[in-house]
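A quick write-up on the structure given underneath.
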Amino acid sequence: MDNKTYSTIVEDPQMANLLGQALIRDDLLPSILGSDNHEISYWAGKHLSRSHRLANYDDLIAFFTQFKLGDLSLLKKSSGQLNWQLSGDIVKKRLDLFDDPDFYLETGFIAQSCQYIADQTAEAEITKTNPSKGIVLISTFLGKDKPVDDQEANSLFKIKHPESEDSSNE
């Protein structure tokens with residue numbers, strides 16, 4: 001991370017809290033992992049999803065927001081594919097500030113989460129990155145087979161949805 005990138009992050013109130021994440025994800029890991037960075041990040045995302053198994057797509061979207069990974073939205077769903085958009089200030093800034101920001105951790109997490117939620121084998125890939133708009137498009141491809149996975153969490157990771165708790169008090 002150079003001085004300009006550091007200053008940009010520190011001076012942005014939204015990004016300042018993510019300085020450590022940026023240092024590790026977009027500076028340290030790529031230098032250590034080299035050409036394997038994207039592949040290892042993808043499998044790390046799948047690993048995180050196994051230990052943070054989510055119940056549904058709403059939980060997946062909330063997880064991304066709460067863990068400051070960006071704003072995730074489901075653009076299109078068909079029987080064999082889900083198309084996602086990852087956006088928001090965090091995504092835009094990372095796309096602007098780093099030469100090759102890694103969104104494969106998110107992609108792996110989405111793939112494994114979709115596999116659990118749909119109860120079908122799933123893999124995902126980044127289909128388009130648009131730095132000028134600050135978006136990353138990710139497609140999840142669902143297989144016809146049921147997953148065989150002995151590494152899953154024993155229980156669901158329960159996401160808190162503040163908006164639904166507030167509306168239940170009315």
Side-chain angles (χ1 to χ4, degrees), residues 12-18 20-22 24-26 38-95 101-131 133-170:
D12 182 325
Q14 262 191 319
M15 293 296 293
N17 292 332
L18 300 173
Q21 178 181 327
I24 293 168
R25 289 200 62 199
D26 296 310
H38 296 318
E39 185 175 328
I40 292 171
S41 291
Y42 181 83
W43 289 104
K46 290 187 88 152
H47 174 80
L48 283 173
S49 177
R50 286 184 184 108
S51 58
H52 298 83
R53 186 175 178 170
L54 303 173
N56 54 53
Y57 297 123
D58 289 337
D59 283 357
L60 177 58
I61 291 166
F63 184 94
F64 269 68
T65 301
Q66 292 174 6
F67 283 86
K68 309 286 187 239
L69 296 172
D71 300 326
L72 185 65
S73 55
L74 181 58
L75 299 177
K76 183 179 176 186
K77 180 181 175 188
S78 67
S79 62
Q81 185 173 340
L82 294 100
N83 294 321
W84 302 92
Q85 177 176 290
L86 183 60
S87 61
D89 288 339
I90 294 162
V91 174
K92 174 99 173 92
K93 293 278 189 240
R94 289 183 64 216
L95 286 166
D102 185 280
F103 293 97
Y104 287 86
L105 179 88
E106 292 87 341
T107 304
F109 193 93
I110 290 169
Q112 189 67 41
S113 295
C114 289
Q115 180 166 304
Y116 287 140
I117 294 165
D119 196 26
Q120 293 174 263
T121 57
E123 294 298 339
E125 65 181 36
I126 295 172
T127 53
K128 184 174 184 180
T129 302
N130 188 330
K133 292 185 178 180
I135 61 170
V136 176
L137 299 178
I138 299 167
S139 292
T140 305
F141 303 97
L142 301 173
K144 296 181 194 251
D145 299 326
K146 292 220 178 268
V148 178
D149 193 351
D150 61 351
Q151 300 175 356
E152 63 190 52
N154 293 332
S155 61
L156 292 175
F157 188 75
K158 294 182 181 162
I159 295 292
K160 301 207 180 277
H161 293 272
E163 65 279 353
S164 63
E165 291 172 6
D166 292 343
S167 62
S168 67
N169 292 335
E170 296 177 353

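These numbers were taken from a predicted model, which means no experiment stands behind them. Throughout, residue positions are numbered sequentially from 1 according to the sequence presented.
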Considering only residues two or more places apart or on different chains, which pairs with a residue in residues 78-94 satisfy salt bridge (Lys or Arg N to Asp or Glu O under 4.0 Å)? Asp12-Lys93, Asp26-Arg94, Lys92-Asp96, Arg94-Glu106

Residues pairing under salt bridge (Lys or Arg N to Asp or Glu O under 4.0 Å) where one sits in residues 110-121, two or more places apart or in two chains, turn out to be Asp119-Lys146

Over all atoms of both residues, closest heavy-atom pair of [X] and [Y]:
X      : Y      : answer
Ser49  : Ser113 : OG-OG, 3.0 Å
Gly70  : Val91  : CA-CG2, 4.0 Å
Ile159 : Ala62  : CG2-CB, 3.6 Å
Thr140 : Ala122 : CG2-CB, 4.0 Å

Report the relative orientation of the aromatic rings in Phe157 and Phe67; use parallel for angles under 30°, tilted for 30 to 60°, perpendicular for over 60°. tilted

Under the side chain to side chain contact (heavy atoms under 4.5 Å, CB included) criterion, do Leu142 and Leu82 qualify, and how do the steps go? CA-CA 8 Å; Leu142 301 173; Leu82 294 100; 3.5 Å; yes

[X]: which residues meet the salt bridge (charged side-chain N to carboxylate O under 4.0 Å, His left out) condition with it, sequence neighbours left out?
X      : answer
Asp58  : none
Lys128 : none
Asp59  : none

Could I get the full list of side-chain contact (heavy atoms from CB on, under 4.5 Å) partners for Ile126, not counting sequence neighbours? Phe103, Tyr104, Thr107, Thr129, Val136, Ile138

For Gln81, side-chain contact (heavy atoms from CB on, under 4.5 Å) partners two or more places apart: Ser78, Asn83, Ser139, Phe141

Are Leu72 and Phe63 packed together at the side-chain level, in the sense that at least one heavy-atom pair is separated by less than 4.5 angstrom? no

Do the side chains of Gln14 and Ile90 get nearer than 4.5 Å, heavy atoms only? no

Approximate separation, where rounding is to 0.5 Å, of [X] [atom1] and [Y] [atom2]:
X      : Y      : atom1 : atom2 : result
His52  : Leu60  : NE2   : CG    : 13.0 Å
Glu39  : Asp102 : CD    : CG    : 11.5 Å
Ile110 : Leu105 : CD1   : CG    : 10.0 Å

Ignoring hydrogens and geometry, is there a side-chain-to-backbone donor-acceptor pair from Gln120 to Lys144 under 3.5 Å? no

For the side-chain contact (heavy atoms from CB on, under 4.5 Å) test, which of Leu18, Asn17, Ile24 pairs with Gln21? Leu18

Applied to residues 71-91, the ring pair (Phe, Tyr, Trp, His ring centres under 6.0 Å) test, sequence neighbours excluded, yields Tyr57-Trp84

Under the side-chain hydrogen bond (donor to acceptor under 3.5 Å, both in side chains) rule, collect the residues that match up with Glu123, sequence neighbours excluded. Tyr42, Lys46

side-chain hydrogen bond (donor to acceptor under 3.5 Å, both in side chains) partners of Asn130, counting only residues at least two apart: Ser132

If you draw a 6.0 Å radius around CD in Glu125, do more than 12 non-hydrogen atoms from other residues or ligands fall strictly inside? yes

Any side-chain hydrogen bond (donor to acceptor under 3.5 Å, both in side chains) pairs touching residues 65-76, not counting sequence neighbours? none

